[in-house]
Amino acid sequence: MIANRIMAYLETDGLDVADLYLNQAATSCRESMRRNLGLRRDDGTRKIRKPRPSGAWACGREMVFNSLGLETEGYGWRSRLTFTHGDMTEAMGVLLFRQAIAASGENDMLISPFENGDQLELDVEIDPQNWNVEAAPFRLTGHLDMSVKGHNGEEEPADWKAVAEWTFKDMQRAAADPSYIWWEKERSGYVAQVRWYMMMLRQAGRSVARQGYLVGVNKNTGHVTEVRIPADIPAERELIRKAVYVEKRISQAREQKTNAEEWVRKNIPRASFTKNMVKKCGTRTKRPDGTTGECFELDTGKDADPQAFRCSYCDHTARCWSGFEVVPLHKPVWRTNNAEDKPWL
């Protein structure tokens, strides 16, 4: 649908790129770098982030922390580089798709971004009862990377991702095998994001949106792949229930006059994928205080859990895991200063 058209275009002599589209791509990259790599707010806190389609649906605790506008953790800026890379991939992908459909005479396939470069913004009221969930309506706002004219001429969402080698291979296998483990791993991740956009397009009355697309670009090799995300009512119902839960917990956390962080730690459990993440290290391990000895470490690798990597991109690690501090090795590693205290329990 998207990836095959882009690859076919890149094998030709190509077309001249219009200045309008070049400027739009450059503006998108410039805004991303300013947003992700520029000056933080004067009070040292992050912008309050409400639940959104591209949010951390795999971890309700992270979403509630995000909503409180808490002080930014120092190592949180590592993820800003990753997000900037992703935004540049998106800008490149949109430009390439414009070129591809212009070359094939299918210009009307791209609905958003619009001709002026603006993305489609959806601000819709979600009524849980449409998914047989008893709860009050709530609002959700999001911007689509792209929307295209797909099956039967219906508007369908497409999300661009810059991914590592192993994720790219997972996506390739998932595209051919609906039972592959990637589908379960990304049920509350990449797949959830696309499904939210499908649901929002329906709620906005723009489309029946029975499918969407996740387009991945391999950061190492430049290869492109695509996964078609079908509509799945039980999965959508699960997302609705998560949203209702998170909205309730955010409201409760904001009612706390003092120490909202402690309330979150006490009342909102960590995501299930964290249960095997704490491992004990031996006597020759470097600790955060510079000493060497036994300690505990947060294992964010696949051996702990296929989703454990999500904690390595969270801005609230120290807040969530009391007693752990960063040891700046080849990557940020979170460890304790001894193997006796367990304040995170």
Side-chain angles (χ1 to χ4, degrees), residues 1-17 21-22 24-26 28-30 32-33 36-37 54 58 77-104 109-110 113 144-146 148 157-187 189-194 211-229 300-313 329-332:
M1 174 65 176
I2 296 170
N4 63 340
R5 283 176 168 81
I6 287 174
M7 289 186 286
Y9 167 75
L10 289 174
E11 291 176 352
T12 70
D13 292 335
L15 299 174
D16 286 338
V17 182
Y21 301 143
L22 278 176
Q24 290 172 2
S28 176
C29 292
R30 184 168 57 248
S32 174
M33 286 188 281
N36 290 320
L37 309 179
S54 58
W77 283 95
R78 166 183 175 261
S79 59
R80 304 280 78 79
L81 297 174
T82 299
F83 296 153
T84 303
H85 194 168
D87 290 339
M88 290 181 174
T89 296
E90 175 195 330
M92 177 192 70
V94 171
L95 179 63
L96 274 173
F97 190 63
R98 285 191 187 278
Q99 293 295 101
I101 58 178
S104 63
M109 279 192 68
L110 182 65
L144 278 70
D145 288 356
M146 275 186 11
V148 298
D159 210 41
W160 284 89
K161 299 294 180 185
V163 297
E165 178 78 19
W166 62 274
T167 302
F168 184 83
K169 290 180 178 178
D170 274 352
M171 290 179 65
Q172 286 182 311
R173 290 188 62 177
D177 182 359
S179 65
Y180 184 55
I181 190 175
W182 179 89
W183 288 98
E184 183 60 31
K185 183 180 74 173
E186 293 298 339
R187 188 179 182 88
Y190 289 166
V191 174
Q193 294 176 23
V194 176
Q211 61 186 15
Y213 307 92
L214 187 67
V215 189
V217 179
N218 188 318
K219 290 188 283 190
N220 296 337
T221 67
H223 287 93
V224 184
T225 192
E226 174 185 310
V227 183
R228 185 182 70 86
I229 312 296
T300 58
K302 288 188 288 184
D303 289 341
D305 189 280
Q307 297 194 60
F309 71 91
R310 300 189 191 283
C311 281
S312 69
Y313 288 98
L329 302 178
H330 64 287
K331 65 176 182 179

From [X] atom [atom1] to [Y] atom [atom2], the distance as rounded to the nearest 0.5 Å:
X    : Y    : atom1 : atom2 : value
E90  : S32  : CD    : OG    : 8.5 Å
T225 : N218 : OG1   : CG    : 10.0 Å
I2   : L96  : CD1   : CG    : 12.0 Å
K219 : T82  : NZ    : OG1   : 5.5 Å
D303 : T300 : CG    : OG1   : 11.0 Å
D87  : T89  : CG    : OG1   : 8.5 Å

Walk me through whether E226 and R5 qualify under side chain to side chain contact (heavy atoms under 4.5 Å, CB included). CA-CA 11 Å; E226 174 185 310; R5 283 176 168 81; over 6 Å; no
D145 side chain to W160 main-chain N or O, any donor-acceptor pair under 3.5 Å?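 Yes, the answer is positive, given that a donor and an acceptor are paired below the 3.5 Å cut-off.
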Looking only at atom types and distance, does a side-chain atom of R98 sit under 3.5 Å from a main-chain N or O of V94, one as donor and one as acceptor?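 No; zero donor-acceptor contacts below 3.5 Å.
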Using the side-chain contact (heavy atoms from CB on, under 4.5 Å) criterion, which residues pair with A91? Sequence neighbours excluded.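 For A91, the residues satisfying side-chain contact (heavy atoms from CB on, under 4.5 Å) (neighbours in sequence not counted) are A25, S28, C29.
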Within 6.0 Å of CG in D16, more than 12 heavy atoms from elsewhere: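 Result for CG/D16: open.
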Do other residues, nucleotides or ligands put more than 12 heavy atoms under 6.0 Å from I181 CD1?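 At most 12 heavy atoms, drawn from other residues, nucleotides or ligands, come within 6.0 Å of this atom.
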Which residues pass the side-chain hydrogen bond (donor to acceptor under 3.5 Å, both in side chains) test with R310, sequence neighbours left out?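 Here the qualifying residues are E186, Q307.
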Compare all side-chain heavy atoms of F168 with those of N220 and state whether any distance is below 4.5 angstrom.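 No - every pair of side-chain heavy atoms lies 4.5 Å or more apart.
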Report yes if the side chains of V215 and V224 come closer than 4.5 Å at any heavy-atom pair, otherwise no.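 A side-chain contact under 4.5 Å exists here.
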Tell me which pairs pass side-chain hydrogen bond (donor to acceptor under 3.5 Å, both in side chains) where either residue lies in residues 168-177, with sequence neighbours left out.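 Matches after skipping sequence neighbours: D170-Y180, D170-K185, D177-S179.
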Take M109 and F97 through the side chain to side chain contact (heavy atoms under 4.5 Å, CB included) test and state the conclusion after the steps. CA-CA 9 Å; M109 279 192 68; F97 190 63; 4.0 Å; yes
Please give me the minimum heavy-atom distance between [X] and [Y], naming the atom from each residue.
X    : Y    : result
D159 : V194 : CB-CG2, 4.1 Å
P157 : L144 : CB-CD2, 3.8 Å
Y213 : R228 : CE2-CG, 4.1 Å
M33  : T84  : CG-CG2, 3.8 Å
A103 : Y9   : CB-CD1, 3.8 Å

Could you please spell out the steps behind the side chain to side chain contact (heavy atoms under 4.5 Å, CB included) verdict for L81 and L37? CA-CA 7 Å; L81 297 174; L37 309 179; 3.7 Å; yes
Going through the distances and angles, do Y190 and V227 end up as a side chain to side chain contact (heavy atoms under 4.5 Å, CB included)? CA-CA 10 Å; Y190 289 166; V227 183; over 6 Å; no
